[in-house]
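So the structure is just underneath, and the comments pick up after that.
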Amino acid sequence: MNPSPLDKNAVAKVLREISLLLQLKGENAFKVRAYDTAADRLLGLTQDLGALVREGRLQELPGIGQGLAEKISELVTTGKLGFHEELKAAFPAGLLEILQLPDMGPKKAMALWKELKVGSVAELEQACREGRVRELKGFGAKSEAKILEGIALHGRAQGKRKLLGDVLPTVESLLARLQAVPGVVRVSPAGSVRRRAETVGDVDLLASAPEAGPALDALANAPGVAVLIGKGESKCSVRMVEADLQVDLRVLPDEDFATALHHFTGSKAHHVRLRGLGQDKGFKISEWGVHRADGTKVLIRDEADIYRLLGMQYVPPELREDSGEIEAALEGRLPEDLLELEDVRGVVHSHSTWSDGKHSLEQMARAAKELGLQYLTVTEHSQAAVYAGGLKEDDLKRQWEEIDRVNEAIPGFRLLKGIEVDILESGALDYRDSVLEQLEVVIGSIHVRHNLNEEQMTQRLLNAMDNPCLNIIGHPTGRLIHERDPYPLRMEAVLDRAAERGVVMEVNGKPARLDLKAEHVRMAVQRGVKLVVSADAHKVEDLPHLIFAVATARKGWARKGEVLNTLPADKFIRALKAQRAR
DNA sequence: GCCGTTTTCGGCCCGACTGTTTTCAGTCG
């Protein structure tokens with residue numbers, strides 16, 4: 001198989017750029033949208049793009065017709081697209097960066113370029129300082145100041161969306177504060193936080209109350225607020241000290257809460273589709289509610305009412321990305337038993353002071369029990385992971401004695417004897433089989449030698465899965481969001497082998513990992529590969545990271561039955577072994 | 001550029017907000 005010069009992410013990025021360039025050109029807005037829709041479609045793709053191209057099946061994807069199919073094929077097979085190159089040549093490269101500034105769209109950017117020959121952010125900044133921008137039609141002194149402010153912010157926060165895991169604690173404490181305000185009925189996060197996206201730009205919060213004032217004040221005066229950006233009748237925006245995070249709160253009457261929550265949860269792509277469906281059925285769906293053709297308002301008590309009205313299953317927020325959930329919900333194919341946090345009985349993947357963890361086995365066990373869990377899989381690093389205090393084979397026996405002592409000391413809870421064994425460059429495991437066979441849970445992970453090529457890395461994992469001692473592949477792509485790219489890997493091949501051999505895939509909940517990520521989870525589920533959700537805990541404070549693994553599994557449409565650590569400890573271990581014995 | 005029990009043309013989601021205007025265009029979510 002020839003590796004594709006461009007993968008789906010790269011192709012989507014080109015389509016996105018074409019959309020921007022077409023907007024600059026003043027092209028028909030619907031043509032522009034077609035490129036955006038196609039980019040969304042590719043990003044949510046769970047099939048192999050290269051295969052779709054080879055088999056000429058691109059046009060089976062909704063939103064992709066003949067024109068886009070040809071362009072995508074050209075990109076995938078040659079790595080370039082003539083149409084794209086021509087468009088790019090027509091504008092200065094810096095214009096695309098100008099478009100990233102707040103309140104800056106194609107019309108304004110083109111005016112700046114045509115009238116002032118401003119073609120980069122640096123030139124724009126200079127033009128503002130010299131007062132030349134305010135002379136333009138449609139611009140004024142205020143726009144000039146706003147642009148300068150935007151440039152400053154852009155420089156500071158360039159591409160730095162925050163990890164969901166870094167943001168959620170702040171969000172939850174703000175929500176608790178708002179819920180305690182007298183008169184407040186309901187509170188909820190909205191936007192990407194509620195959809196449990198991997199990373200978050202701004203945080204949107206909603207509250208319902210008869211009077212907006214007290215709730216708005218509660219946010220404006222909340223601890224940790226650095227700047228009050230703005231406060232009006234029904235909205236308040238602040239910037240938090242922590243992580244330079246912007247938080248927007250809207251307060252509205254409780255009867256408008258459900259439609260507003262739905263509106264502000266998004267995603268945009270999901271909404272565009274829903275509104276189209278609504279229109280077909282004679283409803284107009286907007287932020288302010290659902291209206292019939294005669295203008296009367298439909299009573300919407302909660303979000304489920306909206307989906308019911310459209311004759312489809314309820315779509316949980318995590319799934320609202322227009323990646324097939326709408327078709328599935330219309331046909332009744334959406335999983336009704338998506339994994340819930342409450343389904344999880346035990347935590348998989350943890351470290352203690354025996355290797356690079358911060359807390360003792362007993363501390364970890366007590367903390368996990370405190371969270372309502374029944375077991376914790378102890379999986380220290382193996383000897384190859386020298387930097388992480390990896391255990392020698394001999395150390396294991398002594399650790400097992402301590403595990404036995406802790407298990408006796410804490411009734412109703414159990415530490416399982418496991419290991420996170422390194423997958424060496426060849427795909428061999430870092431312990432002898434005779435040692436691995438004695439363990440209850442064997443996670444195999446890659447920690448060293450990341451710089452192999454796609455074929456070598458794929459083969460490394462395939463080889464590892466051939467060892468019957470291996471139960472689970474840990475953080476299969478090795479990515480660290482914002483820090484390290486996933487290693488090159490043919491995920492389809494890895495998952496096919498996992499399905500064939502009964503190897504389980506980890507969904508690692510560490511906020512910077514989320515690995516497998518949601519789209520890979522979906523690919524795994526489609527192949528019948530079983531999963532575990534893990535915390536990858538190195539200290540007791542990491543144990544709640546399980547919620548991010550659960551969120552990722554849900555975003556990948558994983559049902560309870562597909563996640564093995566929803567089973568009690570004995571059945572969990574038996575299921576792991578049974579998988580391998582198939 | 002896509003799409004079709006309104007099918008090969010003429011549609012394509014909707015409304016608020018802002019700053020600029022003097023009735024509206026552009027941007028955003």
Side-chain angles (χ1 to χ4, degrees), chain A residues 15 18-41 58-72 81 83-84 87 98-112 133-147 149-150 190-195 197 200-206 230 232-235 237 246 248 250 252 256 259-291 295 306 310 320 322 326:
Chain A
L15 295 180
I18 291 175
S19 152
L20 289 174
L21 291 164
L22 289 176
Q23 289 179 63
L24 289 174
K25 213 177 145 197
E27 260 291 1
N28 177 310
F30 298 107
K31 185 193 274 195
V32 170
R33 187 199 286 167
Y35 282 88
D36 280 321
T37 310
D40 286 339
R41 183 63 57 183
L58 274 176
Q59 287 189 63
E60 290 175 16
L61 302 174
I64 294 180
Q66 194 183 349
L68 272 160
E70 283 170 7
K71 292 187 172 77
I72 293 169
L81 177 61
F83 178 64
H84 178 223
L87 272 175
I98 288 181
L99 281 175
Q100 305 300 314
L101 297 173
D103 298 317
M104 188 60 68
K107 299 282 166 57
K108 289 188 188 172
M110 269 318 271
L112 290 166
V133 170
R134 71 180 68 184
E135 305 298 328
L136 285 184
K137 184 167 155 49
F139 292 81
K142 276 197 181 175
S143 344
E144 214 168 59
K146 218 170 171 183
I147 289 171
E149 204 177 301
S192 49
V193 171
R194 183 156 182 256
R195 296 201 313 279
V200 170
D202 296 341
V203 171
D204 290 311
L205 303 181
L206 282 183
E233 299 270 304
S234 62
K235 278 176 60 174
S237 292
Q246 181 172 335
D248 300 331
R250 284 177 178 77
L252 54 165
D256 293 331
T259 42
L261 178 62
H262 187 254
H263 176 81
F264 287 109
T265 297
S267 68
K268 190 179 157 133
H270 180 82
H271 276 247
V272 168
R273 294 287 312 281
L274 277 195
R275 286 173 180 190
L277 285 176
Q279 222 182 25
D280 293 346
K281 291 186 179 287
F283 297 110
K284 195 178 67 174
I285 302 173
S286 81
E287 174 185 350
W288 299 110
V290 179
H291 295 266
I306 297 176
L310 295 175
R320 298 180 194 166
D322 189 24
I326 291 180

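Per chain, numbering begins at 1; letters A, B, ... match sequence-line order.
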Distance in angstrom units between A/Leu58 CG and B/dC3 P, rounded: 12 Å
In this structure, how many angstroms lie between the C1' atom of B/dC13 and the NE2 atom of A/His270, rounded? 13 Å
Donor-acceptor pairs under 3.5 angstrom involving side-chain atoms of residues 260-267 of chain A: please list them, not counting sequence neighbours.
{"from": "A/His262", "atom 1": "NE2", "to": "A/Tyr307", "atom 2": "OH", "distance (Å)": "2.9"}
{"from": "A/His263", "atom 1": "ND1", "to": "A/Arg275", "atom 2": "NH2", "distance (Å)": "3.0"}
{"from": "A/Thr265", "atom 1": "OG1", "to": "A/Arg194", "atom 2": "NH1", "distance (Å)": "2.9"}
{"from": "A/Thr265", "atom 1": "OG1", "to": "A/Leu261", "atom 2": "O", "distance (Å)": "2.6"}
{"from": "A/Ser267", "atom 1": "OG", "to": "A/His270", "atom 2": "N", "distance (Å)": "3.3"}
{"from": "A/Ser267", "atom 1": "OG", "to": "A/Arg320", "atom 2": "O", "distance (Å)": "3.0"}

Reported CD-to-CZ distance for the pair A/Gln23 and A/Arg33, which is rounded to 0.5 angstrom: 11.5 Å
Base, sugar-phosphate, or nothing for A/Gln66, non-hydrogen atoms under 4.0 angstrom? sugar-phosphate
Using the C1' atom in both, what is the distance from B/dG26 to B/dT20, to the nearest Å? 10 Å
For B/dA16 and B/dT21, measure between their P atoms and round to the nearest Å. 24 Å
Report each atom pair, protein N/O against N/O of nucleotides 4-12 of chain B, whose distance is under 3.5 angstrom.
none

Euclidean distance for P, B/dC13 against B/dC3 (whole angstrom): 13 Å
Rounded to whole Å, the CG-P distance (A/Asp202 to B/dG29) equals 8 Å
Gap between atoms CG and C1', on A/Asp204 and B/dG29 respectively (whole Å): 8 Å
Nucleotide-resolved protein contact map, nucleotides 16-27 of chain B, B/S/- at heavy-atom distance under 4.0 Å: S-SSS-----SS
Which whole-number value in Å describes the distance from A/Leu15 CG to B/dG1 C1'? 12 Å
In this structure, how many angstroms lie between the C1' atom of B/dG15 and the CG atom of A/Leu252, rounded? 15 Å
For the atom pair CD1 (A/Ile326) and CG (A/Leu274), what is the distance rounded to the nearest 0.5 Å? 4.5 Å
Could you measure between the two C1' atoms, the one in B/dT23 and the one in B/dT18, and give it in whole Å? 15 Å
What is the distance from CD of A/Glu27 to P of B/dC2, rounded to the nearest Å? 13 Å
Rounded to the nearest 0.5 Å, how far does CG of A/Leu20 lie from CG of A/Leu15? 11.5 Å
Between B/dT6 and B/dG1, how many Å separate the two P atoms, rounded to a whole number? 28 Å
Strand partner of B/dG10, provided both Watson-Crick or wobble distances fall under 3.5 Å: B/dC3
Which atoms form the tightest heavy-atom contact between A/Asp36 and A/Ser19, and what is the distance? OD2-OG, 3.0 Å
Can you tell me how far P of B/dC13 sits from CD1 of A/Ile306, to the nearest Å? 18 Å
Test A/Asp204 against A/Val193 for side chain to side chain contact (heavy atoms under 4.5 Å, CB included), laying out the working first. CA-CA 8 Å; A/Asp204 290 311; A/Val193 171; over 6 Å; no
Residue mapping more 5' on DNA chain B - nearest nucleotide basis, A/Lys284 or A/Phe264: A/Lys284
Stepwise, does the side chain to side chain contact (heavy atoms under 4.5 Å, CB included) test hold for A/Ile147 with A/Lys108? CA-CA 11 Å; A/Ile147 289 171; A/Lys108 289 188 188 172; over 6 Å; no
Write down the atom of A/Leu310, the atom of A/Lys281, and the distance for their closest heavy-atom approach. O-CE, 3.1 Å
Approximate separation, where rounding is to 0.5 Å, of A/Leu87 CG and A/Glu27 CD: 8.5 Å
Over all heavy atoms of both residues, which pair between A/Ile64 and A/Ala38 is shortest? Give the atoms and the distance, please. CG1-CB, 4.2 Å
So what does A/Leu274 hit on the nucleic acid, given a heavy-atom distance under 4.0 Å: a base, only sugar-phosphate, or nothing? nothing
